[in-house]
Number of protein chains: 2
Amino acid sequence: MMEKEVMDKRHLRSIKTRQKLLEAAKEVFLEEGFQKATISQMIKKAEVGYGTAYVHFEGKEDILIVLMEDVMGKFYEIAEISFYPKSKEEAENIIHKQAYSFLKMAETERRMLQIFEQAIGISSAVSEKWKSIREKFIQRISKDISYAQENGLARKELNHELVARGWFFTNEMYLWDIVRNERQESVEEIAKTITAVYTRGLYL
Amino acid sequence: MMEKEVMDKRHLRSIKTRQKLLEAAKEVFLEEGFQKATISQMIKKAEVGYGTAYVHFEGKEDILIVLMEDVMGKFYEIAEISFYPKSKEEAENIIHKQAYSFLKMAETERRMLQIFEQAIGISSAVSEKWKSIREKFIQRISKDISYAQENGLARKELNHELVARGWFFTNEMYLWDIVRNERQESVEEIAKTITAVYTRGLYL
DNA sequence: CAAGGAATATGACATTATGTCAATAATATA
DNA sequence: TATATTATTGACATAATGTCATATTCCTTG
């Protein structure tokens, strides 16, 4: 039972138009960057009328958000890695793995993330989207720190939310650094180094 | 000997025009934000002709960069605090003080930094300017870590530049968080917490 | 199966910005 | 005073956005 079988011919056409627009938009974004990309370029490439773009999307920002949705999904997956360490060493392993996966995304999805970074500065809709990913991570890390504190693994005197935020911030900035191709060092080395400082700073 | 005495009447007029534009621009930026601020609003407020703005500046971005220059200066001062600790405790004190001063800037200069943050995303000129501040700090921190490592205060096995970057990133992100008014906690508490994790993670 | 109705698509248009430039005004200099 | 230099000006060309009345395409119902 493919969903498409059920559809109207015109609904189908609509979906196809939308799809053509998304594909064209992706190309245009990658070629021009977020700022310089224009609706006109997209509709030309998609071979549809100008107004059509506004039928399907609210504007450039909206299109980018849709294009980013699967990348978003991958971030959420990483945020959900389970965390029940029995020792400092085990904690370090899990944390390292998580940081590594997170930073690896920068390499895997570099091109789209570059566009996304540009858009974060410009579009508040995109920026909100990213903020929600960030808060998801911070909440999660915060919970993990609490768990470690309750189980006598981590320093209890530290405000877990502040620590979580600080730790995530380091990760996030390295993510963008890598996205911009500004780091020589391997993702592995970066992950190892920042995890080492963090775990030794927090754990007993 | 005031510089002004030396000037032509017309050079003086030019300086005044420029000044009027800068003051008007600041108001407009603060009222409208970077995106929505327009040259037209500024020249109207400054009571000069449209083209005049382009005689004195290359555009919105350029005006903002000039407006930010004294804030920049304050950042550079903080980056230059001297660092020759004799013990882990002394190091922690200096580092805490530096982090505190840095984050305090977020409160003191909040309004202009808000505009600056918006502009970083949009204008590559502004973004470059910020990047140079960031690199200045990272270089400096990097040197400080090396010093501590050579003097047997810090863990030698860690790549000092990677650690420096990570530490600065935490600070920077908290800076923007505070600028956005998104933190309840006091600057003092934030500085204390992140410094505690960092110094324990890095120092012996 | 034909006619009317609903969903889609279209591009001309009004709007709003930007940056340029030839003309004009103000001031300096010879 | 006449001429050169510098500063200012606003009209214009350009470019992008988002809207909307109209056209097209397909579905439904009598």
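Letters A, B, ... are given to chains in the order of the sequence lines, protein chains preceding strands, and every chain is numbered from 1. Values reported hereafter were calculated over all heavy atoms of this structure, with side chains retained and with hydrogens, waters and symmetry mates removed. Remember, predicted model here, so these are calculated numbers, not experimental data.
Taking the ring centroids of A/F116 and A/F34, they lie at or beyond the 6.0 Å cut-off. The six-membered or imidazole ring of A/W176 lies away from that of B/F169, with a centre-to-centre distance of 6.0 Å or more.
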What donor-acceptor contacts under 3.5 angstrom involve side-chain atoms of residues 106-113 of chain A, with partners at least two apart or in another chain?
from: A/E107; atom 1: OE1; to: A/K104; atom 2: NZ; distance (Å): 2.9
from: A/T108; atom 1: OG1; to: A/K104; atom 2: O; distance (Å): 2.9
from: A/E109; atom 1: OE2; to: A/K74; atom 2: NZ; distance (Å): 2.6
from: A/R110; atom 1: NE; to: A/I178; atom 2: O; distance (Å): 3.2
from: A/R110; atom 1: NE; to: A/V179; atom 2: O; distance (Å): 3.4
from: A/R110; atom 1: NH2; to: A/I178; atom 2: O; distance (Å): 3.0

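Here the shortest heavy-atom pairing between A/A99 and A/W167 reads CB-CZ2, 4.2 Å. Here the closest heavy-atom approach between residue B/Q41 and residue B/K36 is recorded as OE1-O, 3.4 Å.
Applying the salt bridge (Lys or Arg N to Asp or Glu O under 4.0 Å) rule to pairs touching residues 185-200 of chain A yields A/R183-A/E185, sequence neighbours excluded.
The salt bridge (Lys or Arg N to Asp or Glu O under 4.0 Å) check on A/R18 picks up nothing, with sequence neighbours excluded. When the salt bridge (Lys or Arg N to Asp or Glu O under 4.0 Å) test is applied to A/K45, the partners found at least two apart in sequence or on another chain are A/E27, A/E31.
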Pairs under 3.5 angstrom, nitrogen or oxygen only, protein versus nucleotides 5-11 of chain C, please.
from: C/dA6; atom 1: N3; to: A/R10; atom 2: NH1; distance (Å): 3.0
from: C/dA9; atom 1: OP1; to: A/T17; atom 2: OG1; distance (Å): 2.5
from: C/dA9; atom 1: OP2; to: A/H56; atom 2: NE2; distance (Å): 2.6
from: C/dT10; atom 1: OP2; to: A/G49; atom 2: N; distance (Å): 2.6
from: C/dT10; atom 1: OP2; to: A/T52; atom 2: OG1; distance (Å): 2.4
from: C/dT10; atom 1: O5'; to: A/G49; atom 2: N; distance (Å): 3.4
from: C/dG11; atom 1: N7; to: A/G51; atom 2: N; distance (Å): 3.0

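Look at CD1 on B/I39: it is 14 Å from C1' on C/dT16, rounded to the nearest Å. Separating the OH atom of B/Y54 from the C1' atom of D/dT8 is a distance of 15 Å, rounded to the nearest angstrom. Here the C1' atom of nucleotide C/dA26 and the CG atom of B/L12 are 13 Å apart, to the nearest Å. One can place CG of B/D8 at 17 Å from P of C/dA26, the figure rounded to the nearest angstrom. We find that NZ of A/K36 is positioned 13 Å from P of D/dA15, with the value rounded to whole Å. Rounded to whole Å, atom P of C/dA17 lies 12 Å from atom CD1 of B/I43. The distance between atom CG of A/D62 and atom C1' of D/dT17, rounded to the nearest whole Å, is 15 Å. Put simply, NZ on B/K9 is 13 Å from P on C/dT29, counting in whole angstrom units.
Contact check on B/E92 versus B/K88 returns no salt bridge, with no Lys/Arg side-chain nitrogen under 4.0 Å from an Asp/Glu carboxylate oxygen.
Non-hydrogen atoms lying under 4.0 Å from DNA chain C are contributed by nothing in residues 19-30 of chain B.
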